[in-house]
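Just so we're on the same page: letters track the sequence lines, and every chain starts at 1.
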Number of protein chains: 4
Amino acid sequence: MFVPDAMRDAVSDRAWIAAMLEFEAALASAQARAGVVPVEAAEAIAAASRAERFDPAALGRQGRSGGNPAAPLVKALTEAVEGDTAGYVHRGATSQDVMDTASMVLARRALALIGEELDGLAAACARLADEHRGTVMPARTLLQQALPTTFGLKAAGWLVAVLDAHRRLAALPLAVELGGAAGTLASLGPEGPRVLAFLAEELGLDEPTLPWHSSRARVAELGAALALTAGVVEKVARDVVLLAQTEVGEVAEPAGKGASSTLPHKRNPAGSALAIASARRVRGEASILLGGMAQEHERAAGAWQAEWEALGGALAYTGGAAAAAGEVLDGLEVRPERMRENLEATGGLVLAEAVSTTLGERTGRGEAHRRVEATARRAAETQRPFRDELLDDPDIELTPEEIDRALDPTGYLGSAEVLVERALERYREER
Amino acid sequence: MFVPDAMRDAVSDRAWIAAMLEFEAALASAQARAGVVPVEAAEAIAAASRAERFDPAALGRQGRSGGNPAAPLVKALTEAVEGDTAGYVHRGATSQDVMDTASMVLARRALALIGEELDGLAAACARLADEHRGTVMPARTLLQQALPTTFGLKAAGWLVAVLDAHRRLAALPLAVELGGAAGTLASLGPEGPRVLAFLAEELGLDEPTLPWHSSRARVAELGAALALTAGVVEKVARDVVLLAQTEVGEVAEPAGKGASSTLPHKRNPAGSALAIASARRVRGEASILLGGMAQEHERAAGAWQAEWEALGGALAYTGGAAAAAGEVLDGLEVRPERMRENLEATGGLVLAEAVSTTLGERTGRGEAHRRVEATARRAAETQRPFRDELLDDPDIELTPEEIDRALDPTGYLGSAEVLVERALERYREER
Amino acid sequence: MFVPDAMRDAVSDRAWIAAMLEFEAALASAQARAGVVPVEAAEAIAAASRAERFDPAALGRQGRSGGNPAAPLVKALTEAVEGDTAGYVHRGATSQDVMDTASMVLARRALALIGEELDGLAAACARLADEHRGTVMPARTLLQQALPTTFGLKAAGWLVAVLDAHRRLAALPLAVELGGAAGTLASLGPEGPRVLAFLAEELGLDEPTLPWHSSRARVAELGAALALTAGVVEKVARDVVLLAQTEVGEVAEPAGKGASSTLPHKRNPAGSALAIASARRVRGEASILLGGMAQEHERAAGAWQAEWEALGGALAYTGGAAAAAGEVLDGLEVRPERMRENLEATGGLVLAEAVSTTLGERTGRGEAHRRVEATARRAAETQRPFRDELLDDPDIELTPEEIDRALDPTGYLGSAEVLVERALERYREER
Amino acid sequence: MFVPDAMRDAVSDRAWIAAMLEFEAALASAQARAGVVPVEAAEAIAAASRAERFDPAALGRQGRSGGNPAAPLVKALTEAVEGDTAGYVHRGATSQDVMDTASMVLARRALALIGEELDGLAAACARLADEHRGTVMPARTLLQQALPTTFGLKAAGWLVAVLDAHRRLAALPLAVELGGAAGTLASLGPEGPRVLAFLAEELGLDEPTLPWHSSRARVAELGAALALTAGVVEKVARDVVLLAQTEVGEVAEPAGKGASSTLPHKRNPAGSALAIASARRVRGEASILLGGMAQEHERAAGAWQAEWEALGGALAYTGGAAAAAGEVLDGLEVRPERMRENLEATGGLVLAEAVSTTLGERTGRGEAHRRVEATARRAAETQRPFRDELLDDPDIELTPEEIDRALDPTGYLGSAEVLVERALERYREER
């Protein structure tokens with residue numbers, strides 16, 4: 001239920017079959033280029049490698065008993081070509097070559113979709129950063145108001161994290177796998193390395209130094225990069241949920257979504273919740289991939305077979321998380337006035353550091369900190385406005401004007417604007 | 001691909017809908033018993049609550065935007081009953097009540113299926129323990145031969161672990177959830193607690209002390225118990241894989257399965273690999289459930305929504321793992337002669353402890369250990385049979401008869417037989 | 001830094017050594033009872049088994065190269081007793097017997113400390129539940145105000161979860177491990193089972209059906225139960241953090257803690273943060289234990305050795321989490337007036353369900369829901385008080401008195417009071 | 001017990017304090033360069049920032065109650081400098097700036113140590129790959145002998161994975177963190193960005209686009225990269241454990257280690273077990289880092305505080321795993337004759353593919369596969385040597401010479417030699 005249809009399709013059984021067929025067609029073609037398979041045979045195999053000709057459910061059932069779906073697919077493909085050509089299907093390859101290369105083909109496609117969702121999310125972040133570079137709001141540490149910041153800077157923080165995540169996904173090494181039954185390319189004779197190189201070219205994937213059948217870092221790294229991406233998206237969603245709280249009310253998710261079945265007044269952050277739930281699923285899947293690297297000898301019994309669904313799930317849910325968060329930000333209702341009100345809720349206490357900094361120029365930082373802390377504590381205890389306490393306190397050796405300047409949140413934003421610009425500049429460059 | 005059809009069905013979208021409808025029918029019935037809903041209305045709701053009337057795919061899509069599939073289902077059910085009865089559908093309940101109770105209904109059913117698989121697995125373990133109580137084989141620690149044991153004792157170890165796992169699942173507290181929108185049962189007025197009690201009766205689930213909408217230990221404990229079960233199954237499968245190694249050859253998976261696509265001579269432990277892969281998936285799902293307990297206030301934004309697929313997956317894959325391991329043990333080919341040969345591979349070194357114990361009665365344990373260790377090392381270095389070295393070594397103050405008795409593996413099985421009997425006794429009691 | 005000293009000591013290297021020595025003393029004593037070791041030897045071994053005589057750092061270093069610290073300890077203990085007695089040290093046992101039984105002894109002690117912390121936490125929850133059974137506050141789902149509840153009911157929810165967690169820990173099966181080098185008790189001859197039974201008695205631990213050297217569910221279940229406990233504690237801490245937010249302000253952690261280094265006005269929920277951080281560590285450790293169950297044959301190479309620190313960490317951090325949360329609740333500042341204010345922040349919207357329920361008695365539930373939803377939406381859009389909108393709306397066929405009654409949060413608490421009493425009753429019974 | 005002293009020191013409390021002091025000194029120096037702190041003050045702060053002057057235990061205890069150890073350290077450092085200089089200590093920074101930058105400084109140092117261990121491991125792999133490029137052994141898939149390969153190629157596979165892991169660690173972005181209390185650099189006024197840039201220079205760390213206090217991907221990515229490294233190391237250790245099995249006996253860990261306490265003849269793969277156990281711990285720690293990315297607003301309550309020990313643990317155990325595996329490979333005893341014997345254990349069946357390939361040139365691949373499979377099955381059933389069956393079978397239309405050539409494992413190694421050379425070439429380039 002959590003995954004948009006396009007993402008689900010990209011990792012479906014049918015998508016796996018299509019990717020496996022792509023491998024078989026490219027393998028025959030690579031061998032034709034290497035001169036060890038007739039060109040006509042390669043063409044016939046390519047022609048037969050159309051996913052819609054094969055029944056995913058039947059192959060899945062057969063695959064269950066044999067241990068993987070590659071063997072039944074190869075059998076079906078072999079039957080689908082005629083005469084002598086059959087002998088050239090899957091030549092020199094083993095089931096793992098098919099599955100592993102297919103996983104890379106499938107990942108590339110799914111990563112492209114995820115990339116689109118991240119583009120959308122980054123665009124929404126950039127727009128919010130740009131529009132709200134002057135929108136003052138409370139920064140919160142340990143969920144306590146700390147100092148003023150801007151909503152623009154918050155969105156810029158999301159933006160940079162999304163750009164980093166995107167870059168990380170784009171840099172993932174996706175390599176072809178071809179090793180034959182033992183990783184030696186034995187049944188290809190001396191042509192093995194050339195076929196490997198051609199196969200990589202055919203599929204547009206990297207050529208690995210060695211066949212990687214028993215080196216699973218590639219797959220685990222994919223899982224880790226997806227978990228990192230999901231974590232970045234989850235952070236955005238979590239901030240939205242917190243800002244949308246009834247008592248905070250600084251943002252609201254797009255209207256129309258998240259209507260409560262029983263409570264007519266509620267505007268639930270349903271999109272953010274969906275993003276968070278999806279991100280949690282990604283982590284579960286990634287833990288399987290990271291936990292299964294120590295695969296026995298030249299092919300594992302179990303850890304390898306656990307990868308396929310974990311990888312598919314991690315890809316799909318990362319896309320789902322990004323899509324949900326993108327939708328949320330696209331329609332996000334931002335309420336600058338509420339941000340301002342919240343900032344004033346502490347009666348100026350949130351600017352105590354600004355007062356302290358100003359006073360410190362006169363008394364030294366430590367001394368100023370001690371004095372302002374005492375005044376702040378008194379204000380909190382007496383529930384009087386901080387400004388009034390400051391004005392009345394002889395230890396606060398500042399003029400009313402100085403106090404008012406210090407208590408103006410727009411005057412204590414530090415480099416917020418500059419930082420937003422740094423983020424946007426990077427966005428413009430990388431877009 | 002890893003999950004048998006029955007398990008898959010038990011956690012399918014349709015199964016969720018059926019469980020949700022079961023909740024709605026039972027809720028109306030409980031309220032009829034409490035006198036707050038007309039009996040006819042409850043009957044009409046029960047009549048309308050037939051899963052086949054609802055479209056899982058459509059409800060899923062609608063659920064995606066709203067945050068959970070309960071709201072669209074309630075809407076559809078309300079439309080399916082006529083006139084005034086509509087007002088009694090889902091009365092006093094919130095979406096979480098539906099989902100949480102449905103998860104318990106669904107879990108109960110899936111746990112029953114898992115229980116059957118574990119029964120089968122336990123039976124196979126018990127048969128092997130019984131038949132092979134006298135089948136001597138090497139015990140291995142850190143994968144090195146240590147001492148003789150029996151295959152019966154190994155199977156008895158699996159058996160006890162499976163019985164423990166089964167018992168743990170059977171003891172899981174599955175409770176009804178009903179709290180209304182805030183956990184106060186507010187819209188049921190003073191009848192809330194009675195309706196809660198009746199609902200529990202109707203569904204045959206526990207009545208909780210409090211509504212548990214924000215206390216997720218029940219669900220997380222389910223996840224943990226499934227992970228423990230999967231771990232027990234994985235241990236069996238791993239031992240089989242290790243025993244089935246070409247160089248060990250003490251068991252083989254049932255013929256016909258695991259034929260290699262490229263290597264005609266191989267007999268792959270495909271069933272064990274399937275069990276291991278499934279168990280790994282269970283752990284991934286369980287980590288989501290254990291990681292999501294700290295849910296915010298009266299309903300979480302994200303952690304709750306992540307539970308459904310994780311729970312379904314954990315149930316299905318645990319069943320799949322148990323089924324695969326059961327099939328493996330049912331048809332397991334055990335090779336006592338190979339076990340015996342392997343035991344002799346060290347030329348008797350594996351019985352060094354027995355020699356040491358015998359000698360120790362004369363020289364003291366420490367001294368005997370030192371002397372036998374020296375002889376053993378020499379045997380290993382010279383590649384001579386350990387027996388010959390013992391006979392030749394003046395420090396080994398034992399007669400040839402004593403040496404031969406010590407080197408007889410059947411004479412150094414300790415309490416293996418007694419322990420097998422303890423395990424079988426427990427099996428007979430708990431069956 | 002996160003763990004109180006008592007917890008840290010309970011899982012320290014010294015504590016491990018003490019537990020291992022306890023095993024050795026009890027083993028000798030059990031064998032003396034079985035008549036296979038002289039009583040004097042057992043007494044001498046017991047006398048030598050004083051933890052302060054051994055150097056944890058040295059044993060640790062020696063243990064690193066050998067694979068576990070049991071072997072060097074046995075060596076040191078053997079040297080510490082004189083003459084013939086040495087031959088009776090560790091008789092019939094293997095390193096794993098020492099480590100596994102020691103882990104149970106150590107766990108029992110640490111669980112007792114955790115139990116005390118949970119007792120304290122439960123007492124604090126019970127006090128809050130009792131004192132605040134009438135303290136009205138907003139219930140929040142997806143962090144949106146949903147309906148009124150009481151702080152007493154919230155605390156009762158924490159309480160029941162803590163009681164459940166405590167019960168779960170108390171029910172954990174802690175069993176002695178004794179199997180000898182291969183799990184057959186071979187070097188104990190026919191006395192093996194009797195020694196096993198006596199050993200269990202001596203240590204006050206369960207006697208297992210079989211030696212459990214290769215069945216790790218016991219340890220993994222401990223890890224899971226600790227993760228469940230930590231999750232329960234984390235939920236309490238998370239709720240406190242959310243309630244303590246500047247904009248919510250319904251509770252504050254005890255003054256004096258959590259003062260900010262730079263921001264004098266802040267009152268950070270530092271204790272809750274500590275509890276949350278500790279709980280996260282517990283989950284990390286538990287994942288190691290749950291992930292390591294499939295141990296090879298009669299002793300694993302790696303998965304077993306990873307258990308010790310994981311178990312120690314899981315115990316210590318669970319205790320640390322409970323201690324931190326207990327301190328937080330003990331000194332928690334609760335602000336009923338702020339809860340009331342927050343409840344009014346929506347201008348009565350949070351009681352829309354109550355209005356709907358009242359109106360529903362006249363118009364039917366569905367119709368009432370639709371009408372009140374429309375009014376609520378208008379109130380939200382126009383920012384007018386919900387009460388005013390209700391009074392002006394001809395579709396809301398209620399008298400002003402009925403409206404005021406519906407909008408009184410104390411009149412829409414459902415069974416909150418009854419539920420609090422159920423929780424307290426259980427607390428009184430189980431205390 | 002698992003971690004070598006150097007690694008343990010690199011992440012000790014004292015190392016944290018040293019790293020924090022390095023931050024404070026560099027911060028003062030950066031501000032001196034920016035002209036906002038007197039050069040003398042910066043020098044005085046640098047002079048006072050000597051780790052041995054501070055008491056880790058005391059700071060830890062104080063840190064426990066305040067939520068992090070930065071505040072007490074800053075206080076102690078402030079007291080350690082005299083007079084006016086105190087006012088320049090920690091100027092413009094917040095606790096998180098100290099902790100986060102210190103974590104990067106500490107990580108860099110620990111990564112360098114890990115890098116050295118990986119260098120050693122890579123060198124050992126390279127040596128084995130080189131020396132054993134002609135050492136024929138069975139390749140095993142699902143732990144069944146599949147085809148011949150070389151031990152050199154197996155070691156080359158380890159080598160490439162280690163090189164990849166090393167490269168991944170070296171590419172990790174380690175950036176300085178400085179944002180002040182809210183991430184706006186407010187108390188540094190307009191000099192914030194310059195101070196940030198100078199600070200990065202001083203410490204030799206990257207300058208981030210934005211302060212990353214609430215973007216935790218940096219730390220999580222570190223965790224992921226360490227988990228990937230640990231997984232690579234674990235794979236090596238697992239293969240060694242499997243090859244060292246009594247029944248396989250193709251390698252043995254260095255003598256002198258892993259002597260059994262009770263079984264004189266055993267040569268336990270204790271170093272490999274240590275590496276595996278350490279790798280499992282790394283994964284536990286990494287799961288904490290990957291699971292804690294969604295940190296609330298400008299600083300999290302709990303998830304952030306959980307990072308420090310998790311990061312330290314992940315670094316230390318990765319180093320420990322690599323060190324243990326390196327020691328294992330350095331002294332690894334390789335037994336080519338045993339590899340050859342094992343290869344012959346199937347009576348030539350392991351070369352069935354070679355026969356099939358040869359025959360396929362005559363009959364077509366599919367037909368050859370069917371015929372050879374039948375012969376192989378018969379050989380397995382009758383326990384006759386495969387060669388004899390092949391010779392007797394009229395369907396195997398090959399001459400005795402062709403059969404013998406096909407059954408020669410050195411003739412069916414495919415590109416093993418070329419692949420080893422590819423790996424070594426890369427090693428030579430990257431060293």
Interatomic distance, [X] atom [atom1] to [Y] atom [atom2] [nearest 0.5 angstrom]:
X         : Y         : atom1 : atom2 : answer
Leu153(A) : Leu210(D) : CG    : CG    : 6.5 Å
Glu207(A) : Arg422(D) : CD    : CZ    : 4.5 Å
Thr184(A) : Leu147(D) : OG1   : CG    : 6.0 Å
Leu142(D) : Trp304(A) : CG    : CH2   : 8.0 Å
Ser415(A) : Leu188(D) : OG    : CG    : 7.5 Å

Chain D: which of Glu234(A), Gln295(A), Gln144(A), Lys154(A) shares the most heavy-atom pairs with it under 4.5 Å? Lys154(A)
Below 4.5 Å, heavy-atom pairs only: which of Ala161(A), Gly157(A), Ser214(A), Ala220(A) has the largest tally toward chain D? Ser214(A)
How would you list, by chain and number, every residue that makes a side-chain contact (heavy atoms from CB on, under 4.5 Å) with Ala406(D), sequence neighbours excluded? Ala354(D), Val355(D), Thr358(D)
Residues two or more places apart in sequence or in another chain: which of them pass side-chain contact (heavy atoms from CB on, under 4.5 Å) with Ala129(D)? Ala155(D), Ala156(D), Val420(D), Leu424(D)
For a quick test of reading the model, state the closest non-hydrogen atom pair linking [X] to [Y] and the distance between them.
X         : Y         : answer
Glu296(A) : Leu143(D) : CB-CD1, 3.6 Å
Leu242(A) : His297(D) : CB-NE2, 3.5 Å
Glu353(A) : Ala181(D) : OE2-CB, 3.7 Å
Arg426(D) : Thr209(A) : NH1-OG1, 3.4 Å

Can you tell which of [options] has the highest number of heavy-atom pairs within less than 4.5 Å of chain A?
options                                    : result
Leu413(D), Val232(D), Thr149(D)            : Leu413(D)
Gly291(D), Ala225(D), Gly302(D), Pro138(D) : Gly291(D)
Thr357(D), Ile276(D), Leu290(D)            : Leu290(D)
Arg140(D), Met293(D), Gln96(D)             : Arg140(D)
Glu417(D), Glu367(D), Arg168(D), Glu191(D) : Arg168(D)
Gly179(D), Ala165(D), Ser187(D), Ser215(D) : Ser187(D)

Between [X] and chain D, with a heavy-atom cut-off of 4.5 Å, which part of the residue counts as in contact: side chain, backbone, both or neither?
X         : value
Leu196(A) : side chain
Pro173(A) : neither
Val160(A) : side chain
Ala300(A) : backbone

